[in-house]
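For reference, the structure discussed in these notes is given below.
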Amino acid sequence: MTIRVLVADDQDSVRFGFRTILTAAADIEVVGEAADGETALALTRRLRPDVVIADIRMPGLDGLELTRRLCAADAPVSARVVVVTTYDLDAYVHTALRHGASGFLVKHAGPALLTEAVRAAVAGDALISPTVTVRLLRELSRTAVEPARKPEPPLSDREREIVLLVADGLTNPEIGAKLYITPGTVKTHLASIQRKLKVRNRVGIAHWAWETRTRTRMPGASGEQR
């Protein structure tokens with residue numbers, strides 16, 4: 001399957017660089033480019049790409065609002081969105097993930113991460129720049145003793161195990177191997193978790209784990225904090 005990608009960035013040189021990187025992959029085709037969010041939204045409706053690469057700072061409609069509109073449950077035309085930006089501010093990261101982004105990369109992350117983020121988005125997984133992930137987890141570690149701000153949804157012990165492993169970045173096969181269940185069973189649990197947490201994808205699951213401080217002891221673990 002060829003993955004259809006739309007690139008939205010207000011800099012010509014960045015769009016050219018992304019196009020060069022992505023078209024070098026045999027399974028990716030860049031079907032359009034946009035220099036602002038409104039154009040990106042219109043082209044998404046017309047071209048129906050699988051993934052939109054969106055810069056945050058664009059004229060008019062910015063990348064965060066573009067993400068919200070494309071990932072909304074009632075969006076007339078939807079697409080997976082990978083946010084790629086120079087500015088990896090925490091507020092941007094949290095907003096992008098809360099709006100449903102399937103990935104968050106800084107522009108200096110490198111070509112390999114860009115293509116893998118596109119593939120992960122289509123597969124229903126997610127890829128976040130390692131530097132961003134480390135910072136978020138350090139923040140979590142510092143605030144892990146704080147009480148959750150909202151009541152926790154009724155997740156089963158197995159679902160909590162899977163939430164923790166998703167937050168660690170494991171894929172469905174890796175989670176299955178660790179818990180001795182099939183990838184299909186993992187997928188079924190993920191669907192249940194997404195429904196209970198009211199999130200769109202595994203990025204939302206990981207973000208929920210970070211925000212609500214649920215990365216605690218694994219049921220049946222030796223007692224070490226994960």
Side-chain angles (χ1 to χ4, degrees), residues 1-5 22 25-29 48-53 67 70-71 73 75 78-83 93 96-105 109-110 112-130 132-134 136-137 140 152-222 224-226:
M1 182 187 74
T2 299
I3 303 171
R4 295 163 52 82
V5 177
L22 294 171
D27 58 337
I28 298 175
E29 175 189 6
R48 304 295 180 96
D50 301 303
V51 179
V52 174
I53 303 293
T67 300
L70 291 179
C71 298
S78 62
R80 309 278 187 176
V81 179
V82 175
V83 174
V93 178
L97 298 181
R98 189 163 53 247
H99 285 349
S102 294
F104 191 102
L105 302 180
L113 280 181
L114 181 64
T115 54
E116 287 308 309
V118 169
R119 293 180 182 126
V122 170
D125 294 326
L127 195 154
I128 301 175
S129 283
V132 176
T133 302
V134 168
L136 290 173
L137 293 180
L140 171 70
E152 294 184 7
L155 299 181
S156 67
D157 286 347
R158 175 64 84 191
E159 287 171 341
R160 289 183 179 279
E161 287 181 312
I162 292 174
V163 166
L164 297 177
L165 295 175
V166 168
D168 280 339
L170 273 66
T171 64
N172 288 4
E174 290 170 338
I175 293 173
K178 192 172 185 66
L179 300 181
Y180 303 102
I181 57 178
T182 67
T185 301
V186 174
K187 187 175 181 180
T188 299
H189 282 303
L190 286 174
S192 173
I193 292 167
Q194 287 172 207
R195 185 175 64 256
K196 290 180 179 180
L197 300 185
K198 297 181 174 58
V199 298
R200 292 177 56 85
N201 50 41
R202 66 198 301 121
V203 179
I205 293 173
H207 187 242
W208 180 86
W210 298 330
E211 277 201 330
T212 56
R213 323 304 187 207
T214 59
R215 287 169 56 85
T216 53
R217 291 181 179 85
M218 292 278 285
S222 61
E224 294 183 355
Q225 283 278 342
R226 286 183 58 82

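Please read all numbers here as calculations on a predicted model, not as lab measurements.
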When you compare the side chain of Ile181 with that of Arg158, does any pair of heavy atoms fall below 4.5 Å? yes

Before giving the answer on side-chain contact (heavy atoms from CB on, under 4.5 Å), spell out for Val122 and Met1 the whole-Å C-alpha distance, their side-chain angles and the decisive distance to 0.1 Å. CA-CA 11 Å; Val122 170; Met1 182 187 74; 3.6 Å; yes

Checking Glu174 now: which residues fulfil side-chain hydrogen bond (donor to acceptor under 3.5 Å, both in side chains) with it, not counting sequence neighbours? Thr171

Which atom pair, heavy atoms only, marks the closest approach of [X] to [Y]?
X: Ala79; Y: Pro49; result: CB-O, 3.7 Å
X: Ser192; Y: Glu159; result: OG-OE2, 2.7 Å
X: Val51; Y: Ala121; result: CG2-CB, 4.2 Å

Nearest 0.5 angstrom please: [X] [atom1] to [Y] [atom2], how far?
X: Phe104; Y: Thr67; atom1: CZ; atom2: OG1; value: 9.5 Å
X: Lys178; Y: Leu165; atom1: NZ; atom2: CG; value: 6.5 Å
X: Leu155; Y: Ile193; atom1: CG; atom2: CD1; value: 6.5 Å
X: Leu22; Y: Asp27; atom1: CG; atom2: CG; value: 10.0 Å
X: Arg119; Y: Ile28; atom1: CZ; atom2: CD1; value: 5.0 Å
X: Glu29; Y: Asp50; atom1: CD; atom2: CG; value: 10.0 Å

Would you be so kind as to tabulate the donor-acceptor pairs closer than 3.5 Å made by side chains of residues 183-191, with sequence neighbours excluded?
residue : atom : partner : partner atom : Å
Thr185  : OG1  : Thr182  : OG1          : 2.9
Thr188  : OG1  : Gly184  : O            : 3.1

